[in-house]
> 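Questions regarding the structure given below will be posed in turn.
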2 protein chains.
Amino acid sequence: MPGVKKQPVRAAKPVPIKRRDRERTRQEILDIAFEEFAENGLSGGNTDAIAARANITKRLIFYYFNSKEELFTAVLEMAYAEMRAAEEDLHLEALEPEAAIRRLAEFTFDFHQDHPQFVRLVSIENIHRGRHMAISRRLKEMTQPSISQIAKVLERGAACGAIRPGIDPVELHMTLNALSFFAVANRHTFEAQFAFDMSSPKARAQRRAEIADLLWRCVRGD
Amino acid sequence: MPGVKKQPVRAAKPVPIKRRDRERTRQEILDIAFEEFAENGLSGGNTDAIAARANITKRLIFYYFNSKEELFTAVLEMAYAEMRAAEEDLHLEALEPEAAIRRLAEFTFDFHQDHPQFVRLVSIENIHRGRHMAISRRLKEMTQPSISQIAKVLERGAACGAIRPGIDPVELHMTLNALSFFAVANRHTFEAQFAFDMSSPKARAQRRAEIADLLWRCVRGD
DNA sequence: ACATCAATTATCCGATTGGATAATTATCAA
DNA sequence: TTGATAATTATCCAATCGGATAATTGATGT
């Protein structure tokens, strides 16, 4: 039957409603690529699989993003942008020092717990020595608000004696991130070594409180 | 020229002194595989490359270890065994509580700093959700001494009032490991975001002191 | 209508790579 | 010396996968 398009014999192919919408397609690729890379890493991430799940041709991926590496970079940018956006909603300025520190700790902890795929992606990028982030300018600009928020709390606290002076906001941010990140990223090897639950809601709540206490304990004035 | 073995034109191939020593060969494969996997991950790690660098045939790798996965597991076991061995040399029992806590902190921090490839390997294993560690019994047995050492210090400290009571040794170990691990593992993404040096000897010394202070600050009695 | 250009598809390809088959060689006990 | 066994090599293969070529099709402005 010449002229008849070969129709794959499948269950009612519901004609993907691809409306040739540039942004829509791009975003869909990004979303699926995020999952794929977070799950399988950079070399483990498969462009064929991304294409299949996005219901497009692989060629389209290379059409929008030039290479697998650039796609990965774009995914990173998107992921970080989402985190920074979430941080915007924190309003530490309205709180007294101790409450602000605790709220910051709890937010950061929660974010990591709620976004394990983000944590995985960052781990993966570190395995690649941050070479994709190093290139992207966007990623470096996103960071400012986060730190200055902390700096303000520290200043206010130091002024009224509630927080000891001389604490570097970046360092505090690092400490908090380390604790929050580890609780998700290293869960598996840690649990394998120690009979220590890190995944249940109960364990999570406990560690959350623990970290908030710890952070406050180490910044409060004597 | 039939019958003539193709001789790669290389600098004086020094006839590898392979003495058919089972253990020697096995260990050499492990050492090189460690580097390969730590550098490139599991799917990124190349058995051909391992064979080449070990100056053996790839087949030999599958002869000793049955698959890439099992090789990776063996590498993990070796790496952890080395860390636990290093921990043996810590003699916290001889020190008073504060000194013991500080020494523990500094040792742990130093170990991670000095073994970035180990840190990478652990990150990679976590990306794979610890599925290799979960299987290996050896890896679970190695963990005991480490924790009981900490537990003893905490007990002693609590008894004399220097350390507040009720601290879980595993949790303390987690806190310390999180801080030490992050300082190496997440160096790249962190440095890319914040203009914050984490690699120079000076920065290292500073963070080391910082973590020891922090740990003490959060366990000492009020 | 129609030309244009952007979005999308169909198809192919060469390099890579985990693993398999089978031959070969060193070692060592009897 | 020799036979058996363990260590090692030489080769091959099928599957995977990033990326390239070129054709096709839908939207849009005129």
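Per chain, numbering begins at 1; letters A, B, ... match sequence-line order.
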> Test of understanding: with salt bridge (charged side-chain N to carboxylate O under 4.0 Å, His left out), list the residues that count as partners of B:Glu77, not counting sequence neighbours.
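Applying salt bridge (charged side-chain N to carboxylate O under 4.0 Å, His left out) to B:Glu77 gives B:Arg138.
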> Under the ring-ring contact (aromatic ring centres under 6.0 Å, His included) test, which residues partner A:His188, sequence neighbours left out?
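Partners of A:His188 under the ring-ring contact (aromatic ring centres under 6.0 Å, His included) test: none.
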> How bent is the helix from C:dA1-D:dT30 to C:dA30-D:dT1, comparing axes over its five end pairs at each side, to the nearest 10°?
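Its terminal axes enclose an angle near 10°.
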> Figure out the CZ/C1' separation between A:Arg24 and C:dA6, and round it to whole Å.
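After rounding, the gap between these two atoms is 17 Å.
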> Would you mind reading off the distance between A:Glu36 atom CD and D:dT16 atom P, rounded to a whole angstrom?
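Interatomic distance, CD of A:Glu36 to P of D:dT16: 14 Å.
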> Please list, chain by chain and in numerical order, all residues satisfying side chain to side chain contact (heavy atoms under 4.5 Å, CB included) with B:His115, sequence neighbours excluded.
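Side chain to side chain contact (heavy atoms under 4.5 Å, CB included) list for B:His115, sorted by chain: B:Phe111, B:Phe118.
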> Strictly under 3.5 Å: I want the nitrogen or oxygen pairs between protein and nucleotides 28-30 of chain D, one per line.
none

> When you compare the protein's N or O atoms with those of nucleotides 16-19 of chain C, which come within less than 3.5 Å of each other, and at what distance?
unit_1: C:dT17; atom_1: OP2; unit_2: B:Asn46; atom_2: ND2; d: 2.6
unit_1: C:dT17; atom_1: O5'; unit_2: B:Asn46; atom_2: ND2; d: 3.4
unit_1: C:dG18; atom_1: OP1; unit_2: B:Gly45; atom_2: O; d: 3.1
unit_1: C:dG18; atom_1: OP1; unit_2: B:Lys68; atom_2: NZ; d: 2.9
unit_1: C:dG18; atom_1: OP2; unit_2: B:Thr47; atom_2: N; d: 3.0
unit_1: C:dG18; atom_1: OP2; unit_2: B:Thr47; atom_2: OG1; d: 2.4
unit_1: C:dG18; atom_1: N7; unit_2: B:Lys58; atom_2: NZ; d: 2.6
unit_1: C:dG19; atom_1: OP2; unit_2: B:Lys68; atom_2: N; d: 3.0
unit_1: C:dG19; atom_1: N7; unit_2: B:Lys58; atom_2: NZ; d: 3.3
unit_1: C:dG19; atom_1: O6; unit_2: B:Lys58; atom_2: NZ; d: 3.1

> Could you list the residues that satisfy side chain to side chain contact (heavy atoms under 4.5 Å, CB included) with A:Glu93, not counting sequence neighbours?
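Side chain to side chain contact (heavy atoms under 4.5 Å, CB included) list for A:Glu93, sorted by chain: A:His91.
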> Of the listed nucleotides (D:dA7, C:dT8, D:dT9), which one gets closest to any side-chain atom of B:Tyr64?
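Selected nucleotide: D:dA7.
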> Decide, yes or no, whether a salt bridge links B:Arg129 with A:Glu191 under the criterion of side-chain N to carboxylate O below 4.0 Å.
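No, B:Arg129 and A:Glu191 are not salt-bridged.
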> Using side chain to side chain contact (heavy atoms under 4.5 Å, CB included) as the criterion, list what pairs up with B:Gln113, not counting sequence neighbours.
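In terms of side chain to side chain contact (heavy atoms under 4.5 Å, CB included), with neighbours along the sequence ignored, B:Gln113 is linked to B:Phe109, B:Ala183, B:Val184, B:Arg187, B:Arg204.
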> Return the value, rounded to whole Å, for the distance between atom CD1 of B:Ile56 and atom C1' of C:dT25.
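These atoms are roughly 16 Å apart.
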> Return the set of residues passing ring-ring contact (aromatic ring centres under 6.0 Å, His included) with A:His128 (not counting sequence neighbours), or none when no residue passes.
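For A:His128, no residue satisfies ring-ring contact (aromatic ring centres under 6.0 Å, His included) once neighbours in sequence are set aside.
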> Any salt bridge linking A:Glu87 with A:Arg84? Criterion: basic side-chain nitrogen under 4.0 Å from a carboxylate oxygen.
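A:Arg84 and A:Glu87: salt-bridged.
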> Measure from CG on A:Leu71 to C1' on D:dC17 and round the result to the nearest Å.
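Computing the A:Leu71:CG to D:dC17:C1' distance gives 15 Å.
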> Please round to the nearest 0.5 Å and tell me the distance separating atom CD1 of A:Ile29 and atom CG of A:Leu60.
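CG of A:Leu60 is found 5.0 Å from CD1 of A:Ile29.
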> Is there any ring-ring contact (aromatic ring centres under 6.0 Å, His included) pair reaching into residues 27-68 of chain B, and which pairs are they, with sequence neighbours excluded?
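Matches after skipping sequence neighbours: B:Phe37-B:Phe72.
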> Considering only heavy atoms and no angle criterion, is a donor-acceptor pair shorter than 3.5 Å present between the side chain of A:Arg59 and the base of C:dT11?
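Such a pair does not exist between side chain and base.
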> Can you list the residues that meet the side chain to side chain contact (heavy atoms under 4.5 Å, CB included) rule with A:Ile127, with sequence neighbours excluded?
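Expected list: B:Arg120, B:Ser123, B:Ile124.
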> Can you check the A:Asn40 CG to D:dG18 C1' distance for me, whole Å?
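Taking CG of A:Asn40 and C1' of D:dG18, I get 16 Å after rounding.
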> So, is A:Tyr63 near the phosphate of C:dT9, with a side-chain N or O under 4.0 Å from OP1 or OP2?
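It does not, given that no N or O in the side chain of A:Tyr63 lies less than 4.0 Å from OP1 or OP2 of C:dT9.
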> I need the CZ-P distance between B:Phe65 and D:dA7, as an integer number of Å.
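Computing the B:Phe65:CZ to D:dA7:P distance gives 12 Å.
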> Please state how far atom CG in A:Asn55 lies from atom C1' in C:dA7, giving the value in whole angstrom units.
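Interatomic distance, CG of A:Asn55 to C1' of C:dA7: 15 Å.
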> Please report the distance, rounded to the nearest Å, between CG in B:Leu60 and P in D:dT9.
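Rounding to the nearest Å, CG of B:Leu60 and P of D:dT9 are 6 Å apart.
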> Give a yes/no answer on whether the side chain of B:Arg22 brings an N or O atom under 4.0 Å of OP1 or OP2 in D:dA7.
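So the side-chain polar atoms of B:Arg22 do come within 4.0 Å of the phosphate oxygens OP1 or OP2 of D:dA7, strictly under.
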> Compile the donor-acceptor pairs under 3.5 Å between side chains in residues 46-53 of chain A and protein atoms, sequence neighbours left out, one pair per line.
unit_1: A:Asn46; atom_1: OD1; unit_2: A:Asp48; atom_2: N; d: 2.7
unit_1: A:Asn46; atom_1: OD1; unit_2: A:Ala49; atom_2: N; d: 3.3
unit_1: A:Asp48; atom_1: OD1; unit_2: A:Lys58; atom_2: NZ; d: 3.4

